[in-house]
Protein chains: 2
Amino acid sequence: MDALDRAIIAELAEDGRLSNVELAARIGLTPGPCLRRVQRLESEGVIRGYRAIVDPDAVGRGFEVIVHVDLSTQEAAAVAGFEAAVVALDEVVECQRLFGRPDYFLRIAVADLGSYEAFLTQKIMSLSAIGRVTSHFSMKALKG
Amino acid sequence: MDALDRAIIAELAEDGRLSNVELAARIGLTPGPCLRRVQRLESEGVIRGYRAIVDPDAVGRGFEVIVHVDLSTQEAAAVAGFEAAVVALDEVVECQRLFGRPDYFLRIAVADLGSYEAFLTQKIMSLSAIGRVTSHFSMKALKG
DNA sequence: GGTGAAAGCTAGCCGGC
DNA sequence: GCCGGCTAGCTTTCACC
């Protein structure tokens, strides 16, 4: 991992569809060696893959909410059941089990406030081990 | 936006470097019309761009912390100063201004616990409008 | 939506440093 | 060991049906 590798990563993180010749020109290499480096980074797992970035509004995921969940029990089976159920939900974009409080950090992506209300009451609050659920609404995304 | 467009989005979200001929075959179209659809989705802003997904560990960003920040004042100039300073930091991967408490939700990505300690004391807690800062450590990322 | 042709890209091979 | 030049084969992209 030298400066050239880092330059490749930076360029591809910015534009994942850069052609190899354009990438090579930007980092100051010829296409052959550049391609070998990209392939090495891919096979080593440094570059895990490529994704198209899709407008959330266009796919009905424009409304994001940060949710904190505390369970009513720490019993292993109940915890496992909650985790399996939550992870299976499409609307749950992220789920982290935390140390301390809250027990879980969730990020929910739905179309609008109405869908969120329906999602929360029907799919989250109906889970058996649920203790307290707190929704945090974003006023403005300053970064990310 | 018909079923074909949605199929294109799904395929490219999964693998952003799919060749146009492969993409066309998967959605059941020939390359020409398929490319026109992709270009339309790009120009309409439905597809915003393409990114390489990089292993966070490989670039010294393998340790993520969720941080809640409350400011000690709501005075406009202080708030603006805090926001500008936070957004400018590389380690801040996400920053949301929330309704209610906490005032801000931050996601920090650094190399390890030691770097996090240094980052928090030197770059966050030294900001003037800072009230309370709470770090939430992830035990396990179940999703996302 | 499909077809065909020109331009450009990818990916392997071999020589040079 | 890594870079650069070359070439064959494939892909992208456009005008036209």
Side-chain angles (χ1 to χ4, degrees), chain A residues 1-62 90 93 109-111 144, chain B residues 1-63 90-91 93 109-112 115 144:
Chain A
M1 271 281 280
D2 59 4
L4 252 30
D5 286 337
R6 280 189 290 274
I8 288 172
I9 290 168
E11 291 292 342
L12 289 178
E14 183 73 21
D15 180 0
R17 286 213 86 147
L18 268 184
S19 78
N20 184 54
V21 303
E22 173 66 18
L23 175 61
R26 290 197 192 180
I27 64 165
L29 227 54
T30 46
C34 180
L35 181 63
R36 280 196 290 270
R37 280 173 180 266
V38 171
Q39 290 173 334
R40 200 195 66 236
L41 290 170
E42 287 171 353
S43 70
E44 282 174 350
V46 175
I47 294 175
R48 288 184 174 171
Y50 301 87
R51 297 270 157 78
I53 308 304
V54 179
D55 178 7
D57 285 320
V59 290
R61 289 276 139 85
D90 273 12
V93 171
V110 290
Chain B
M1 272 279 280
D2 59 4
L4 251 30
D5 285 337
R6 279 187 291 273
I8 288 172
I9 290 168
E11 292 292 343
L12 288 178
E14 183 73 21
D15 179 2
R17 288 214 83 151
L18 224 45
S19 79
N20 185 53
V21 302
E22 173 66 18
L23 175 61
R26 289 197 193 180
I27 66 165
L29 229 54
T30 46
C34 180
L35 181 63
R36 280 199 291 269
R37 280 174 180 265
V38 172
Q39 290 173 333
R40 200 195 67 237
L41 291 169
E42 288 170 353
S43 71
E44 281 174 351
V46 175
I47 294 175
R48 287 183 174 171
Y50 301 87
R51 296 270 156 78
I53 307 305
V54 179
D55 178 8
D57 284 321
V59 289
R61 289 277 141 86
F63 191 78
D90 273 12
E91 295 90 340
V93 171
V110 291
D112 50 37
S115 323

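Below, each value reflects all heavy atoms present in this structure, side chains not excepted, and no hydrogens, waters or symmetry copies. Chain A is the first sequence line, chain B the second, and so forth, proteins listed ahead of strands; every chain is numbered from 1.
- For the pair Arg61(B) (side chain) and Ala109(B) (backbone), a donor-acceptor distance under 3.5 Å is present.
- Distances shown here put a side-chain N or O of Arg37(A) below 4.0 Å from the OP1 or OP2 atom of dC3(D).
- Nucleotide dC2(D) holds its C1' atom 11 Å from the CG atom of Asp2(A), rounded to whole Å.
- Ion pairing of Arg37(A) with Asp2(A) is present here, as a side-chain N (NZ or NE/NH1/NH2) and a carboxylate O approach within less than 4.0 Å.
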Show me the protein contacts with nucleotides 9-12 of chain C, counting only N or O atoms at under 3.5 Å.
| unit_1 | atom_1 | unit_2 | atom_2 | d |
| --- | --- | --- | --- | --- |
| dT10(C) | OP1 | Asn20(A) | N | 2.9 |
| dT10(C) | OP2 | Asn20(A) | N | 2.9 |
| dT10(C) | OP2 | Val21(A) | N | 3.3 |

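- Across all their heavy atoms, Gly45(B) and Asp55(A) have their closest contact at O-CB, 3.4 Å.
- Contact detail for Gly62(B) and Asp57(B): the closest heavy-atom pair is CA-OD1, 3.2 Å.
- Separation of atoms CE (Met1(B)) and CD (Glu44(B)) is listed at 9.0 Å; rounding is to 0.5 Å.
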